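Working notes for the structure below.
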Amino acid sequence: MSAQRLHSKFDGGNDLILEVDNQGNLPAEFNADNHKVNTSQRKRSRKRSRGKSQDQQQNPIEVDKKKLEPSEIIQTETKEISKQNGHLKLQNDNNNNNNNKITYNNISKNLRDSRGNSNKLKKPKNFKPKTVDFFSDDEDSNLKDTKGNYIDLKSKAENLLKIRKSLPVYKAKDEIVSRLLKNRVTILIGETGSGKSTQIPQFLLPSNNKCIAVTQPRRVAAINLATRVAEEAGSYLGDKVGYSVRFDNKSTHNTKLKYLTDGMLLREIIIQTNLPQYSTIIIDEAHERTVLTDLLMGFLKELLERRSDLNLIIMSATLDAEKFSKFYNNAEILFVEGKNFKVDRYYLNSSADDIVDTCLKSIIQINNGEQEGDILVFLPGQEEIDKSVGLLERIAPDLPKEAPLIVPLPLYASLSPADQAKVFLPLKARRRKVILATNIAETSVTVPGVRYVIDSGLRKVKVWRHQLGLSTLLTAPISKAAAMQRSGRAGREREGKVFRLYTEDDYLKLPNQTEPEISRSNVISPVLMLKKLGIDDILNWSWLEHPGEDSLISSLTQLYQLKALNDSGTITKLGDDMAILPLEPQLSAILIKAHEFGCLEHVIDIVSCLSVDNLILNPQSDIRDEVNEKRRNLCILGSKHGDLIMLKELFDYYLQFNQISDSKSERAQWCKELALSNRGFKNVFKVRNQIRQYMVTLTKDKHLFEKIEQSDDNDDDDDKINYSKPMDIPSILKSFLSGFISNTAIGMPDRSYRTTTTGQLISVHPSSLIFGEKKDAIMYTDYVYTTKGYARNVSVIELSWLQEMGSHILAPGKVNAVAE
DNA sequence: GAGCACTGC
């Protein structure tokens with residue numbers, strides 16, 4: 001039998017449900033039974049069958065629906081689906097043979113507390129909930145806005161007050177406020193649903209004479225919170241309550257409560273170090289420990305010493321309060337209960353050796369045995385999700401009709417917005433959504449209707465190796481806190497269940513908290529910012545989490561090589577300018593050099609493309625060659641000079657569509673054919689406009705560009721191609737060398753490449769336009785290690801440019817020595 | 001001869 005068994009590695013495990021062919025597909029005949037197979041599937045199926053014996057060509061499985069009796073499938077255990085006489089059969093397995101099934105231990109009886117069984121924080125003494133009438137406190141002119149619709153806003157706010165009063169945090173309003181006012185720094189632990197992010201800032205409004213800032217790690221969160229709180233407070237959005245995120249500012253000097261991203265507050269620190277406009281700063285979601293939140297906490301610790309009138313509140317959802325408290329000289333910790341429903345937890349009896357297989361079984365088991373309610377599945381990445389979705393789509397029509405029909409939906413960031421939105425659409429009766437998501441569903445996207453969570457216990461994590469100057473993407477176990485967060489997604493609307501695809505022992509071995517991002521990231525940007533703010537002793541700065549000496553020294557070295565720091569480690573004029581630009585230091589350095597070389601307008605376009613994620617998409621493998629060929633044919637210059645120039649050509653083509661009216665659908669079609677993101681290009685325009693404005697400021701040259709487009713959100717961009725000069729490709733690429741001088745490699749006689757810095761072997765990634773061509777030297781923007789070291793986004797350079805641009809780094813003669 | 005989680009200015 002040539003067909004292999006369904007197993008994510010397709011290596012023939014023992015615990016199998018369905019058989020698949022060598023490609024990992026279920027046989028076409030499986031779907032043909034439901035008239036759902038399409039011609040291409042049939043063709044592929046025939047193609048694969050060639051060369052096999054008559055016996056082998058027989059359908060390895062046929063679904064015999066008569067065998068799928070309800071009595072067999074409603075049990076909670078997944079049935080072993082075995083092959084007998086070429087038929088698929090679900091076996092009812094009520095005995096204790098655990099070899100081929102998943103068994104969960106319900107430990108919820110012992111661990112019903114949704115806060116977890118360890119590290120449980122005690123509530124402070126004297127913590128007695130109280131109810132306070134909101135308007136008795138706040139009934140003053142604060143509620144009036146400039147536009148005069150006082151009554152409408154007020155009645156809306158009054159209606160919302162009923163809901164607000166049901167929030168746990170509201171019941172303790174007086175107690176909380178008095179403590180927050182008494183302390184300079186307070187750590188406030190509030191579970192999801194406590195209402196801390198919306199209510200606490202409002203409680204503090206009457207007692208603050210200046211503005212209150214509330215930071216969020218994500219833009220959508222800042223916007224949504226501000227919108228909600230503006231309604232509750234009876235304010236127009238952007239008046240008393242507003243927000244500020246990149247490309248979107250709805251706040252004025254009158255704003256008393258401002259929600260902003262933590263990146264935005266860091267920008268404000270660069271402009272005005274002491275943040276004089278704020279009297280209270282609230283850092284929300286501190287437990288996420290993003291690089292920017294961590295940096296903020298360090299800055300604010302120092303700022304508190306200079307600003308005696310400043311109050312700071314650190315809000316966190318999990319119980320890592322001790323760390324924050326110690327950092328701020330044993331600041332008081334307050335605890336506010338959440339409003340989550342109970343979530344029963346189930347674990348595997350033995351570890352899963354194949355996560356996709358175990359996951360599919362669990363989905364089928366829940367679908368067969370549990371009441372209505374959608375299923376949210378956490379998987380590490382796109383690969384596992386796409387595989388699972390594909391298999392579920394094929395299996396779903398043939399599952400027992402007594403259970404709801406499974407509707408699998410993928411959810412990850414690189415999906416188009418339209419595809420992402422599908423998870424929110426309601427389904428017909430007798431259907432069950434199965435959302436297969438990455439970490440995006442842990443915090444960024446909340447899907448309603450979820451009652452069951454399946455947690456693979458895995459995530460993808462990007463790790464920066466400063467010794468090698470490259471980053472790798474690894475699949476790694478999550479932390480207990482993350483497991484808790486994931487399971488909480490099942491209890492947002494009513495009681496739910498979480499099925500953890502690992503054992504309880506495995507769970508207990510997990511780290512309590514997720515490792516802070518800063519300890520595994522390239523800290524070149526943070527270090528430049530510290531230097532910009534005049535902090536000389538980087539190693540002994542008030543790091544909430546010290547990134548490590550090696551990592552800091554590596555960053556200082558990179559900045560020195562970019563000429564942002566001089567020999568004594570002091571920031572240069574160039575470094576000063578680089579810190580102001582909203583870009584990675586390398587890209588900032590490139591822009592400044594491009595201005596010097598007179599090719600700024602073109603380089604800005606390329607840099608804008610580089611700073612937008614998911615602009616150039618990875619085509620599906622079956623059309624990959626076709627798409628590459630199209631790109632190559634379209635981008636004549638890119639084929640010769642490499643991928644940076646390709647970006648510029650693509651951008652210019654995209655720009656042309658904007659000059660033709662009614663070309664939107666054409667443009668979308670063009671993007672589709674070349675596997676480019678239409679939405680991504682719109683973001684490129686926003687970034688491009690912003691960078692142009694920054695460059696005008698930095699160069700103090702108002703006429704730097706003939707026309708700077710005002711950023712607006714409508715789709716009718718009327719950008720024109722009106723560059724002052726034609727492209728000078730050597731100048732453009734030399735500008736890029738000023739930022740990526742360390743990312744260069746020399747072509748060897750045997751067609752391989754070796755890096756100029758360490759002499760390591762490096763391969764051009766096959767997605768590059770210059771893949772397979774022999775060149776003297778290359779420059780790349782990314783270096784990723786997967787199956788081997790790959791240079792991605794590769795450009796062709798000349799050896800002489802290396803000497804010209806890199807003489808301060810590359811030792812004289814070194815380049816030639818490597819080349820020989 | 002190929003896989004990339006999530007954010008931010």
Side-chain angles (χ1 to χ4, degrees), chain A residues 215-222 244-249 260-271 285 288-296 378-387 411-415 437-445 456 458-463 471-476 478 482 514 517-518 520-521 525-526 528-529 532 578-585 587-588 608 611-622 624-625 627-628 683 686-687 690-691 693-694 751 763-768 771-773 782 784-793:
Chain A
T215 71
Q216 295 292 321
R218 283 168 294 278
R219 302 172 55 190
V220 274
S244 173
V245 301
R246 192 183 190 183
F247 305 128
D248 196 2
N249 178 22
L260 71 178
T261 48
D262 37 28
M264 261 304 186
L265 190 59
L266 284 168
R267 286 276 126 187
E268 293 187 358
I269 288 176
I270 287 184
I271 297 162
E285 313 285 3
E288 289 193 25
R289 303 296 309 275
T290 68
V291 171
L292 299 183
T293 322
D294 267 26
L295 275 182
L296 265 184
F378 285 99
L379 286 167
Q382 180 177 345
E383 189 187 352
E384 293 85 356
I385 290 170
D386 287 344
K387 190 185 285 174
L411 180 63
Y412 44 79
S414 59
L415 279 180
T438 60
N439 245 357
I440 195 173
E442 200 178 292
T443 48
S444 303
V445 178
S456 66
L458 299 170
R459 63 173 182 144
K460 286 270 174 87
V461 58
K462 193 173 187 176
V463 180
S471 57
T472 48
L473 204 64
L474 307 170
T475 302
I478 59 171
T514 306
E517 194 188 2
I518 202 162
R520 51 179 168 80
S521 299
S525 277
L528 180 60
M529 189 180 170
K532 165 83 183 166
M578 283 164 58
I580 288 167
L581 288 164
L583 294 164
E584 287 292 301
L587 295 177
S588 302
S608 303
S611 43
V612 168
D613 288 332
N614 298 319
L615 179 68
I616 311 292
L617 304 168
N618 291 324
Q620 299 282 322
S621 53
D622 50 337
R624 197 180 275 157
D625 288 349
V627 170
N628 282 350
N683 290 330
K686 288 186 180 176
V687 175
Q690 192 186 37
I691 294 175
Q693 284 167 5
Y694 269 108
R751 304 180 75 87
S763 306
V764 175
H765 196 269
S767 63
S768 169
F771 171 75
E773 298 187 24
D782 289 304
V784 290
Y785 196 90
T786 50
T787 47
K788 56 179 173 174
Y790 281 111
R792 302 192 62 168
N793 203 332

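Note that the coordinates shown come from a computational prediction; the quantities given were computed from them, not determined experimentally.
Between the CZ atom of A:F771 and the P atom of B:dG1 there is a distance of 6 Å, given to the nearest Å. A:K788 places its NZ atom 6 Å from the P atom of B:dA2, with the value rounded to the nearest Å. Rounded to whole angstrom, the span from the CD1 atom of A:I440 across to the P atom of B:dA5 amounts to 11 Å. Nucleotide B:dG8 holds its C1' atom 15 Å from the CG atom of A:D248, rounded to whole Å. In this structure, A:L292 places its CG atom 13 Å from P of B:dT7, rounding to the nearest Å. The distance from atom CE of A:M578 to atom P of B:dC9 is 20 Å, rounded to the nearest whole Å. Separating the CZ atom of A:R246 from the P atom of B:dG8 is a distance of 10 Å, rounded to the nearest angstrom. In this structure, A:E517 places its CD atom 12 Å from P of B:dT7, rounding to the nearest Å.
Across all strands, A:R289 comes closer than 4.0 Å to no nucleic acid atom at all (heavy-atom distances). Among the atoms of the strands shown, only primed sugar atoms or phosphate atoms (P, OP1, OP2) are found under 4.0 Å from some heavy atom of A:V245. In this structure, A:D613 reaches the bases: a heavy-atom distance under 4.0 Å links it to at least one base atom across the strands shown. Across all strands, A:L583 comes closer than 4.0 Å to base atoms (heavy-atom distances).
In terms of the salt bridge (charged side-chain N to carboxylate O under 4.0 Å, His left out) criterion, A:E584 has no residue partners (sequence neighbours excluded). Every ring-ring contact (aromatic ring centres under 6.0 Å, His included) that A:Y790 has, sequence neighbours left out, goes to A:H765.
Note that the CE atom of A:M264 and the CZ atom of A:R219 stand 8.5 Å from one another [nearest 0.5 Å]. Rounding to the nearest 0.5 Å places CZ of A:R267 at 4.5 Å from CD1 of A:I270.
Contact annotation: A:Q690 side-chain N/O to B:dC9 OP1/OP2 distance is not under 4.0 Å. Listed pair A:T438 / B:dC6 meets the phosphate criterion, a side-chain N or O lying under 4.0 Å from OP1 or OP2.
The 5' end of DNA chain B is approached more closely, in terms of each residue's nearest nucleotide, by A:N614 than by the other of A:N614 and A:Y694. Between A:E584 and A:R459, the residue anchored closer to the 5' end of DNA chain B is A:R459, taking for each the nucleotide with the nearest heavy atom.
Taking only side-chain atoms of A:Y790, from C-beta outward, the nucleotide of B:dA2, B:dC9, B:dA5 with the closest atom is B:dA2. When distances run from any side-chain atom of A:P766 to the nucleotides B:dA2, B:dC9, B:dA5, the shortest one goes to B:dA2. Comparing B:dA5, B:dG8, B:dG1 by their closest approach to the side chain of A:R219 singles out B:dG8. Checking B:dA5, B:dA2, B:dC9 against the side-chain heavy atoms of A:N628 singles out B:dA2 as nearest. Taking the side chain of A:T261 as heavy atoms from C-beta on, and the options B:dC4, B:dG1, B:dG8, the nearest nucleotide is B:dG8. Among the nucleotides B:dA2, B:dA5, B:dG8, the one closest to any side-chain atom of A:L473 is B:dA5.
Between A:E288 and A:T443, some side-chain heavy-atom pair lies under the 4.5 Å cut-off.
Screening A:N439, A:V445, A:D386 for a side chain to side chain contact (heavy atoms under 4.5 Å, CB included) with A:Y412, the sole residue that qualifies is A:D386.
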